[in-house]
Amino acid sequence: MASPLDDKTRGIITACVPALEAHGLAITTEMYRQLLANPDIRDLFNMSHQKDGEQPRALALAVLAYARNIDNPGVMAGAVERIAEKHVGLNILPEHYPYVADALLGAIAHVLGDAATPEIMDAWGKAYWLLAEILIGREEQIYVAHAAAPGGWVGWRPFRVSRRVVESETVTSFELVPQDGRPVMRHVPGQYLSFRLDVPGHGAERRNYSISSAPGSASYRISVRRIDNGVVSDWLHDSVKEGTVLQVSAPAGDFTLGDPAPASIVFLSAGVGLTPFMSMLGALDASTARIPVRFVHTTRTPGTEAFGPTIRDLAAMGMLRADIFYSRATPQAAQDATGVTLHAGRMTPAWLTQEIDRAATYYICGPDGFMRDTVATLKAAGVPDGHIRYEFFGSAADAALPGAA
């Protein structure tokens, strides 16, 4: 178990908060510059988050939150769990942590210059290793659980693409079966898979994709949106065919439906953010218990709407009520279906507020702006924090989202 920090160290870390507020992004940007100079470490990262600055911003928020809560680290438990799950998905190991320590401390010294006194450097070294030991311990627990689970594994496992399905103008699904023909670990609805990819012309890439299929023991399905100039999404859509073999790590993530499921559920999604909800809906459909479900989704047009037939079938069976918002199209009356209401334009705070079910648990997934506005609307309407759950794309670099750090 990690030893707690002494009073002097905690006091120094707290005193550094103003410096982090002023220079945190410069420190994390420099940290990644030093860290990624090592090609073996660089290959562990999603480099698209470096190009757009998302990863340094997210880490700057995390370091600042850690410093602000150094006297009460328990409030960081949710962030620690998300980080540990992501690390396990990417197969981060204890031997990787010293590289991060050297880069972080080197960046602090580089950016703060003479202000980075020996006492400050010593305090940050202790603070880093306290958090690192917590993460290493939690990650070891997850690795052990994966190894012991039926069909589970640790490390990268080859999966073959057994089927491709075009779900919309922008989304394609890939069904994955293990190359060894053995069973797979049953995922918890809402979890994701991590991929180690070798993209021609770009080299090693890492990506996480939500599992969009119901839990099972034979295969997984991911559903990927083509992104403008997206290195990996373009390659998946254009070059990955049935029979292509991909390297996959075991399901990870804590944005899950849970067992037992809540008494009633509202799913709120935008774009490809509906993918974890498809897994959750598949699990709910297979359950003998019937839980009231509201499905609210925003997409650009009917042509970009993925899984439309599935949602309409579930609505027709009374499994859910759906509201589909077309942000760039006006639906026609002929498109109406039982249990499905179509809307022109985006979902607005006013519409959501009048539809609030305070007994429901809300699951939210989509772009950061969509999640920020939706979470703010729910909180303003009096929905308890414990009934609001959301999944981050990328590195959760939006400071306006509670728990973003």
Side-chain angles (χ1 to χ4, degrees), residues 1-35 44-45 49-50 53-88 90 92 94 96-112 115-142 254 368 385 390 392 394-405:
M1 179 179 294
S3 300
L5 299 176
D6 57 73
D7 291 343
K8 178 182 177 182
T9 299
R10 294 200 307 274
I12 292 172
I13 297 299
T14 300
C16 287
V17 167
L20 291 174
E21 290 172 340
H23 305 292
L25 182 57
I27 290 171
T28 56
T29 299
E30 172 63 19
M31 189 211 83
Y32 278 115
R33 186 192 69 78
Q34 295 186 23
L35 186 65
L44 297 171
F45 287 86
H49 295 159
Q50 298 296 322
E54 181 179 340
Q55 195 102 46
R57 285 195 300 274
L59 182 59
L61 288 171
V63 173
L64 179 59
Y66 184 42
R68 285 173 171 166
N69 294 286
I70 199 69
D71 288 324
N72 185 22
V75 303
M76 297 287 292
V80 166
E81 183 64 20
R82 283 192 297 274
I83 294 169
E85 290 280 352
K86 183 169 286 188
H87 281 183
V88 168
L90 296 171
I92 301 297
H96 295 131
Y97 279 87
Y99 293 100
V100 180
D102 290 346
L104 176 60
L105 296 177
I108 292 173
H110 177 85
V111 172
L112 298 186
T117 64
E119 290 79 9
I120 286 176
M121 298 303 295
D122 180 67
W124 274 103
K126 291 177 179 177
Y128 170 80
W129 280 110
L130 171 66
L131 183 57
E133 289 172 16
I134 293 171
L135 286 168
I136 289 169
R138 177 60 186 135
E139 289 156 18
E140 176 62 21
Q141 292 175 338
I142 300 172
D254 66 340
D368 282 359
D385 287 354
Y390 42 92
F392 292 114
S395 300
D398 192 332
L401 282 168

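Note that the structure is predicted; figures quoted are calculated from it, not measured. Numbering starts at 1 and runs along the sequence shown.
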Give me the atom names and distance for the closest heavy-atom approach of [X] to [Y].
{"X": "Leu5", "Y": "Arg10", "value": "O-NH1, 2.6 Å"}
{"X": "Glu139", "Y": "Ile92", "value": "OE1-O, 4.2 Å"}
{"X": "Ile108", "Y": "Ala116", "value": "O-CB, 4.1 Å"}
{"X": "Ile120", "Y": "Ala115", "value": "CD1-O, 3.3 Å"}
{"X": "Ala84", "Y": "Arg138", "value": "CB-CG, 3.7 Å"}
{"X": "Pro56", "Y": "Thr28", "value": "O-OG1, 2.9 Å"}

Q) Are the side chain of Asp122 and the backbone of Pro118 linked by a donor-acceptor contact shorter than 3.5 Å? A) no
What is the distance from atom [atom1] of [X] to atom [atom2] of [Y], rounded to the nearest 0.5 Å?
{"X": "Gln55", "Y": "Arg57", "atom1": "CD", "atom2": "CZ", "value": "10.5 Å"}
{"X": "Leu135", "Y": "Lys86", "atom1": "CG", "atom2": "NZ", "value": "13.0 Å"}
{"X": "Glu30", "Y": "His110", "atom1": "CD", "atom2": "NE2", "value": "4.0 Å"}
{"X": "Trp129", "Y": "Ile134", "atom1": "CH2", "atom2": "CD1", "value": "13.0 Å"}
{"X": "Leu104", "Y": "Met31", "atom1": "CG", "atom2": "CE", "value": "6.5 Å"}
{"X": "Met76", "Y": "Asn69", "atom1": "CE", "atom2": "CG", "value": "6.5 Å"}

(Q) If you apply the rule side chain to side chain contact (heavy atoms under 4.5 Å, CB included), what do you find for Leu105 with Tyr128, and how did you get there? (A) CA-CA 9 Å; Leu105 296 177; Tyr128 170 80; 5.6 Å; no
**Q.** pair Ile27-Val111: side-chain heavy atoms closer than 4.5 Å
**A.** yes
(Q) Around atom OH of Tyr97, are there more than 12 heavy atoms from other residues, nucleotides or ligands closer than 6.0 Å? (A) yes
Q: Kindly determine whether Ile12 and Lys8 satisfy side chain to side chain contact (heavy atoms under 4.5 Å, CB included), including the steps that lead there.
A: CA-CA 6 Å; Ile12 292 172; Lys8 178 182 177 182; 4.2 Å; yes
Q: Just jot down the side-chain hydrogen bond (donor to acceptor under 3.5 Å, both in side chains) partners of Thr14, sequence neighbours excluded, or say none.
A: none
Q. For the side chain to side chain contact (heavy atoms under 4.5 Å, CB included) test, which of Leu20, Ile13, Leu131, Val80 pairs with Tyr66?
A. Leu131
Q.
For residues 13-24, which residue pairs pass the salt bridge (charged side-chain N to carboxylate O under 4.0 Å, His left out) check, not counting sequence neighbours?
A. Glu21-Arg68
Q.
Go through it in stages, so that I can follow the logic: the residues are Glu85 and Arg82, the test is salt bridge (charged side-chain N to carboxylate O under 4.0 Å, His left out), and I'd like the CA-CA distance, side-chain angles, deciding distance and then a yes or no.
A. CA-CA 5 Å; Glu85 290 280 352; Arg82 283 192 297 274; over 6 Å; no
Q | Residues His96, Val100; criterion side chain to side chain contact (heavy atoms under 4.5 Å, CB included); working and verdict | A | CA-CA 7 Å; His96 295 131; Val100 180; 5.7 Å; no
